[in-house]
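As structure tokens, the structure follows; a few thoughts come after it.
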Amino acid sequence: MEVLHSQSLAQLHTFGIQVSASRIAAVATVDELKAILFNECLDSSPSLIIGQGSNLLFCSDFQGTVILNRIMGVAVTETDYAYHLHVGAGENWHQLVCWTVEQGMPGLENLALIPGCAGSAPIQNIGAYGVELQDICEYVDVMDRRDGEVRRLSADECRFGYRDSVFKHALKETHIIVAVGIRLSKDWQPNISYGPLATLDPETVTAGDILEQVCAVRRAKLPDPTQLGNAGSFFKNPVVNQEMYQQLSAAFPELPSYPAQQGHYKLAAGWLIDQCDLKGYQIGGAAVHQEQALVIVNTGHATSEDVLRLARHIVDTVAHKFGVRLEHEVRFMAANGETTLDEVMP
Ligand code: FAD
Ligand code: EPU
């Protein structure tokens, strides 16, 4: 394990903003992770575990240790009905998706090209093109920061929801994900229900075809973080009750919406922002992406302050026009730990 002092985080998160941490350490095994959590030399300053930083906004320099999760390894076992994968939390998610499809173990193809580590996937229950991690997750192994013990949570215990799980609530401060268990059924059925995949022929389509199409659609809409810094959808799609939905769809008949749980409706936040004519709107070096209004991009030299001011402007403008309050999906990190837009820019 290597501990570095006063290092730049610019290359370690996909927004590419110039911020630093007091220390950065990379851990390659569960034992290394335990060692760093209980390392007396690292005093009592805060520590933050990250994967590839693709869902993060550092609001300032981090006054503590950033731990890079690089715990690798994939083990596959097989029954008559399914492949069971035990995946180290530091494995690259997209590489895992491609590898499983190449090996004839389909099931992850709709989740292709989502940046980040496999171990980060359960945290917001990553989802795209009609599939969410919860559909294939069997278990999650976690280390308790307080005693270094590792235990296994069943998928039920993870309490997955839309961009949500127990890792954003009860276990947020106390547990670190070290591995993920994935079950891929041998009775594979293509999932091509989501709009841009509907052109594929359900009789002949292969997992490889879906993977290719998902990548093509994503490349057309979403900016490549290596070219243009961003953290994917900046806000979650808001979920509203039936009364609010009826009012809005009467006033705006074009409003894209999807039925959600308990009679609620999920609205397309990208459409709401787009309707406020905010595509391309820029504050300092931060801008609303031209192809997808739900994405905020770093045009080159954005500061955290630029992104925060733009996010504030988007939230206020959408609230004023539609009466809908957007919540950020991207996780905000202050000097000592997690924060929110309302806290840093009320
Ligand atoms: P990080 O950003 O490093 O961390 C995210 C949060 O998890 C932080 O709070 C961090 O402290 C915490 N964390 C990280 N690792 C651990 C761990 N081992 N244990 C406990 N906590 C941990 N998401 C989707 O759901 N669907 C999409 O289609 C999608 N598309 C995207 C497209 C682009 C271009 C980008 C940039 C992002 C996109 N995202 C999408 C968001 C992002 O890819 C996912 O949230 C991803 O799972 C984040 O992984 P990461 O390793 O980068 O996590
Ligand atoms: N739309 C617009 N203008 C825009 C953007 C979108 O009118 O600028 C409309 C689209 O025409 C469409 C609707 O909004 O009718 C939904 O757009 P899209 O299909 O692009 O999906 P999204 O709701 O914007 C969500 C996820 C993405 C995921 C895609 C595909 C959230 C917050 N975002 O985006 O996830 O890849 O669906 O499943 O749920 C992420 O979480 O970082 C992410 C990229």
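Counting convention: from 1, in listed order, for ligands and their atoms alike.
- The shortest contact between atom 1 (N) of ligand 2 and any protein heavy atom is with W271 N, 3.8 Å.
- Residue N69 approaches ligand 1 through these ligand atoms, each under 4.0 Å from one of its heavy atoms: 18 (N).
- Regarding atom 6 (C) of ligand 1, its nearest protein heavy-atom neighbour is R331 NH1, 4.0 Å.
- Counting only heavy atoms of the protein, atom 49 (O) of ligand 1 lies nearest to S120 CB, 3.2 Å.
- The P115 neighbourhood of ligand 1 comprises atoms 31 (C), 32 (C), 33 (C), 35 (C), 36 (C), 37 (C), 38 (C), 42 (C), 43 (O), 46 (C), with distances under 4.0 Å to a heavy atom of that residue.
- Taking distance alone, with nitrogen or oxygen atoms compared against 3.5 Å, T14 stays at or beyond that limit from ligand 1.
- Nearest protein heavy-atom neighbour of atom 36 (O) of ligand 2: R218 NH1, 3.4 Å.
- In terms of protein heavy atoms, atom 36 (C) of ligand 1 is closest to G232 N, 3.3 Å.
- Atom 23 (O) of ligand 2 has N237 ND2, 2.9 Å as its closest protein atom, hydrogens excluded (heavy atom only).
- Ligand 2 is never approached by Q275 to a heavy-atom distance shorter than 4.0 Å.
- Close approach of ligand 2 to Y162 is summarised as follows: ligand atoms under 4.0 Å from at least one heavy atom of the residue are 31 (C), 32 (C), 39 (O).
- The shortest N or O to N or O distance between Q124 and ligand 1 is below 3.5 Å.
- Distance screen at 4.0 Å: atom 10 (C) of ligand 2 has no protein heavy-atom neighbour inside the cut-off.
- The cationic group of K172 does not satisfy the cation-pi geometry with F167, failing either the under 6.0 Å distance to the six-membered ring centre or the 45° limit from the ring axis.
- Close approach to A128 involves these atoms of ligand 1, each under 4.0 Å from a residue heavy atom: 28 (O).
- Checking side-chain atoms of S165 against main-chain N and O of P122 turns up a donor-acceptor pair under 3.5 Å.
- Not a single heavy atom of H13 sits under 4.0 Å from any atom of ligand 1.
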Please test F252 against F322 for ring-ring contact (aromatic ring centres under 6.0 Å, His included), starting from the C-alpha separation and ending with a verdict.
-> CA-CA 9 Å; F252 305 97; F322 295 104; 4.8 Å; yes
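- The protein non-hydrogen atom at the shortest distance from atom 4 (O) of ligand 1 is L56 CG, 4.2 Å.
- Between G53 and ligand 1, at least one pair of N/O atoms sits closer than 3.5 Å.
- Near N55, with a cut-off below 4.0 Å to any heavy atom, the atoms of ligand 1 are 2 (O), 41 (C), 45 (O).
- Counting atoms of ligand 2 from 1 in the listed order, those under 4.0 Å from a heavy atom of Y258 are 13 (C), 16 (C).
- Under 4.0 Å is where a charged nitrogen must lie from a carboxylate oxygen, and between K221 and E291 no such pair does.
- Atom 12 (C) of ligand 1 has I123 CD1, 3.7 Å as its closest protein atom, hydrogens excluded (heavy atom only).
- Taking every heavy atom of K221 and a limit of under 4.0 angstrom, the matching atoms of ligand 2 come to 18 (P), 19 (O), 20 (O).
- Taking the six-membered ring where the residue is Trp, H328 and F332 present parallel rings, their angle staying beneath 30° rather than reaching 60°.
- Closest to atom 14 (C) of ligand 1 among all protein heavy atoms lies I49 O, 3.6 Å.
- The single protein non-hydrogen atom nearest to atom 3 (N) of ligand 2 is D274 OD2, 2.8 Å, given as residue, atom name and distance.
- Near G232, the atoms of ligand 2 lying under 4.0 angstrom from a non-hydrogen atom of the residue are 42 (O).
- If you check which protein heavy atom lies closest to atom 17 (O) of ligand 2, you get Q292 NE2, 4.2 Å.
- L133 pairs with exactly one of V140, I114, I126 by the side chain to side chain contact (heavy atoms under 4.5 Å, CB included) rule, that one being I126.
- Set against the non-hydrogen atoms of L48, the atoms of ligand 1 under 4.0 Å away are 11 (O).
- Of all atoms in ligand 2, numbered sequentially from 1 with element shown, those under 4.0 Å from a heavy atom of A128 are 36 (O), 38 (O).
- Counting non-hydrogen atoms of neighbouring residues, nucleotides and ligands closer than 6.0 angstrom, the CZ atom of R159 reaches no more than 12 such neighbours.
- Residue contacts with ligand 2, taken as heavy atom pairs separated by less than 4.0 Å, involve A268 solely via side-chain atoms from C-beta onward.
- In this structure a side-chain-to-backbone donor-acceptor pair under 3.5 Å is missing from D141 to M143.
- To the nearest 0.5 Å, the span separating CG on L57 from CG on L308 amounts to 5.5 Å.
- Residue contacts with ligand 2: Y194 is included, with a non-hydrogen atom under 4.0 Å away.
- Each of the following atoms of ligand 1 lies closer than 4.0 Å to a heavy atom of I50: 3 (O), 14 (C).
- The single protein non-hydrogen atom nearest to atom 8 (O) of ligand 2 is A293 N, 2.8 Å, given as residue, atom name and distance.
- Nearest to atom 33 (N) of ligand 2 among the protein's heavy atoms is S233 OG, 3.0 Å.
- E327 and K236 are joined by a salt bridge, as a carboxylate oxygen and a charged side-chain nitrogen come within less than 4.0 angstrom of each other.
- Taking a cut-off of under 4.0 Å to the non-hydrogen atoms of R218, the atoms of ligand 1 that pass are 27 (C), 28 (O), 29 (C), 30 (N), 31 (C), 32 (C).
- Residue R163 places a heavy atom less than 4.0 Å from ligand 1.
- Assignment of M333 to the shell around ligand 1 is supported, since a heavy atom sits closer than 4.0 Å.
- Looking at ligand 1, you won't find any N or O of A89 less than 3.5 Å from one of its N or O atoms.
- The pair K186-E78 meets the salt-bridge criterion, with a side-chain N (NZ, NE, NH1 or NH2) lying under 4.0 Å from an Asp/Glu carboxylate O.
- Among protein heavy atoms, the minimum distance from atom 26 (C) of ligand 2 is reached at R163 NH2, 3.3 Å.
- Distances from ligand 1 to the non-hydrogen atoms of P223 include at least one value under 4.0 Å.
- With T14 contributing its side chain and N230 its backbone, the two residues share a donor-acceptor pair below 3.5 Å.
- Listed by atom number, the atoms of ligand 1 under 4.0 Å from I114 heavy atoms are 23 (N), 26 (N), 27 (C), 28 (O), 29 (C), 40 (C), 43 (O).
- Using a 4.0 Å cut-off between charged nitrogen and carboxylate oxygen, R312 and D342 count as a salt-bridge pair.
- Between N125 and ligand 1, no pair of N/O atoms sits closer than 3.5 Å.
- Of the N or O atoms in I176, none lie within a sub-3.5 Å distance of an N or O in ligand 1.
- Residues V66 and L12 are members of one and the same hydrophobic cluster, defined by side-chain heavy-atom contacts under 4.5 angstrom among Ile, Leu, Val, Met, Phe, Trp and Tyr.
- Here's the thing with G116: none of its N/O atoms is less than 3.5 angstrom from an N/O atom of ligand 1.
- Between the side chain of R163 and the main chain of I123, no donor-acceptor pair closer than 3.5 Å is present.
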